[in-house]
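Nothing here was measured: the structure is a model prediction, and the numbers come from that model. Convention: sequence-line order gives letters A, B, ...; per-chain numbering from 1.
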2 protein chains.
Amino acid sequence: MPLQRSEVVDMALKLLDDIGLDALSTRRLAGELDVRPGALYWHVASKQDLLDALTEKILDGLPELPSAPGTSWRDEARGLAAGLRDALLAHRDGARLLAGAVSPGPNRLAIADRMMGALSRTGAPLDAAAYGNDTVMSYITGFVLQEQSESLDTSEVDESQREALFDAERYPYLAVWARSWTPDSRRLSFEAGLDILLEGLSVYLAREAEKAPHPRTGPGASSK
Amino acid sequence: MPLQRSEVVDMALKLLDDIGLDALSTRRLAGELDVRPGALYWHVASKQDLLDALTEKILDGLPELPSAPGTSWRDEARGLAAGLRDALLAHRDGARLLAGAVSPGPNRLAIADRMMGALSRTGAPLDAAAYGNDTVMSYITGFVLQEQSESLDTSEVDESQREALFDAERYPYLAVWARSWTPDSRRLSFEAGLDILLEGLSVYLAREAEKAPHPRTGPGASSK
DNA sequence: ACCTGAACACCGTTCAAGT
DNA sequence: ACCTGAACACCGTTCAAGT
């Protein structure tokens, strides 16, 4: 029974979780599938093609994330954002995968579309919704990227650098903060940041909605 | 005259701009410096060490970015954010470099410290300022990462995928937006996002300042 | 249709030995 | 102190040839 593309992708995802993105090589993957390296290229066009497929797989199900009919645009945006973060955190180097993907697949496009739809329900024009979407997506990517990177909190940092952080002479604010840092600060930080974003978005989108009180460009509008 | 560490870093930066991060190998760099690959390891501990040094070099001068004495916290935060984006855009793959750095150097720490200082001037406690700082930094990193990635706008995308974007059936909002996309949309998007963030921050920080009306933990406070 | 064998042109890193 | 020579253990990708 011949190898299927889906088996290649599945095994790659398993391997990713085991050894991380840096160690995930086509040769290692081929070994795991008991084929020669060249065999993979019958199923994927390139390693990047494989990584793009992996990215899509990680986002599977997210666009279909349910939202109750009466949900406010804000809650829907929040749910989508939280869902995206969860999806990225569910696999090792998930955010790096997303950031490195070159061709956005259906899942990614659908997520962006849903987010824009939610933001549009404020009455803001589509360009404002697109800016808002960009902002939220950038935030999530940047945040989880830091969250999953092996620095600072992984406690594998050398001491000299830890000391630098506490150097109150050079970094008065950081130093004080570093002292009160706790393991779940990052979760709280994500939620705080998301609230900040949504707060800012509601102000911004309302203002843009006023500027353009009769939106004609939205998908719901007539085209004449 | 022997090679200096600084020459290695300088040449690496030049090479980065020429060929990009993916093509920047220690062997190629050694060739450019007219030494054998092994020679580099006298000057840098590892490739990652070199990349960290590169990251710091890209951020050089940023922490000393002047701010007029009467500048509001908001304008200082905005200036710092814009400065960071400019610094990252000034070199190929700048954002990827920042995102991939494992040990934050003095410049990076100083930028974070200055940002926290600005946010603290609202009267908000330090943990709120730290959350705010995280949010802004995540946003900038995520945004420029996308900006510098070779997808969509580089016009090197295959047609099938461009079509998908315009598929109004599947992605009603994206499709409409894609039609009106212009080259400097990204600049406008960054500024819009930054404003959204600052708007949200001012609400959030003011609220946190009220909750804790007598901040004692800041560097300016007495320690008794 | 799917895979092997074998090659091509590379990697990062180490380390004895040279100067 | 700084570098070479040479090796070790890898990479991604291609493609004729096999089945």
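A sub-4.0 Å separation between OP1 or OP2 of D:dG5 and a side-chain N or O of B:R36 is present. Contact annotation: A:H43 side-chain N/O to C:dC3 OP1/OP2 distance is under 4.0 Å.
Contacts between residues 3-16 of chain B and DNA chain D, defined by a heavy-atom separation below 4.0 Å, involve B:L3, listed by number.
With rounding to whole Å, A:W42 atom CH2 is found 9 Å from C:dC3 atom C1'. As a whole-Å value, the separation of A:L29 CG from D:dG12 C1' is 13 Å. Atom pair B:L33:CG and D:dC3:P shows a separation of 10 Å (rounding to whole Å applied). Taking atom CG of residue A:L51 and atom P of nucleotide D:dG12, one finds them 10 Å apart after rounding to whole Å.
With sequence neighbours excluded, the residues that form a salt bridge (Lys or Arg N to Asp or Glu O under 4.0 Å) with B:D75 are B:R78. Partners of B:I19 under the side chain to side chain contact (heavy atoms under 4.5 Å, CB included) rule, at least two apart in sequence or in another chain, are B:L15, B:A23, B:R28. For A:D10, the salt bridge (Lys or Arg N to Asp or Glu O under 4.0 Å) test picks out A:K57, with sequence neighbours left out. Here A:F143 pairs with A:Y139, A:F190 under the ring pair (Phe, Tyr, Trp, His ring centres under 6.0 Å) rule; sequence neighbours left out. B:L89 pairs by the side chain to side chain contact (heavy atoms under 4.5 Å, CB included) definition with B:R85, B:V144, B:E147, B:Q148, not counting sequence neighbours.
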Sequence neighbours excluded and cut-off under 3.5 Å, please list the side-chain donor-acceptor pairs for residues 31-41 of chain A, or say none.
none

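Rounded to whole Å, the P atom of C:dA9 lies 23 Å from the corresponding atom of D:dA9. A distance of about 12 Å separates the C1' atoms of D:dC11 and C:dC8, rounded to the whole Å.
For residues 108-118 of chain A, the pairs satisfying salt bridge (charged side-chain N to carboxylate O under 4.0 Å, His left out) are A:E76-A:R114, with sequence neighbours left out. Each salt bridge (charged side-chain N to carboxylate O under 4.0 Å, His left out) pair with one or both residues in residues 91-105 of chain B, not counting sequence neighbours, appears once here: B:D22-B:R96, B:D93-B:R96.
Annotated stems with DNA chain C as a participant read C:4-8 with D:12-16, C:12-16 with D:4-8, given as range with range, by first number; only runs of 3 or more Watson-Crick or G-U pairs under 3.5 Å qualify.
In this structure, CG on B:L51 lies 5.0 Å from CD on B:Q48, to the nearest 0.5 angstrom. Interatomic distance, CG of A:N107 versus CG of A:L62, reported as 8.0 Å (0.5 Å rounding).
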Exercise for review: Tell me, with the steps shown, if A:E199 and B:I196 meet side-chain contact (heavy atoms from CB on, under 4.5 Å).
Suggested key: CA-CA 8 Å; A:E199 195 70 50; B:I196 288 167; over 6 Å; no

Review point. Can B:L16 and B:L13 be said to form a side-chain contact (heavy atoms from CB on, under 4.5 Å), step by step?
Key: CA-CA 5 Å; B:L16 174 75; B:L13 190 55; 4.1 Å; yes

Under-3.5 Å N/O pairs linking protein and nucleotides 14-19 of chain C:
none

If you restrict it to nitrogen or oxygen atoms, what contacts under 3.5 Å exist between nucleotides 7-11 of chain D and the protein, and what is each distance?
residue	atom	partner	partner atom	Å
D:dC11	OP1	A:S25	OG	2.9
D:dC11	O5'	A:S25	OG	3.4

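Taking both residues in full, the closest heavy atoms of A:V9 and A:A53 are given as CG2-CB, 4.0 Å, listed atom of the first, atom of the second, then distance. Across all their heavy atoms, A:L24 and A:L54 have their closest contact at CD2-CD2, 4.1 Å.
Of the listed nucleotides (D:dC2, C:dT4, D:dT4), D:dC2 has the atom at the smallest distance from the side chain of B:P2.
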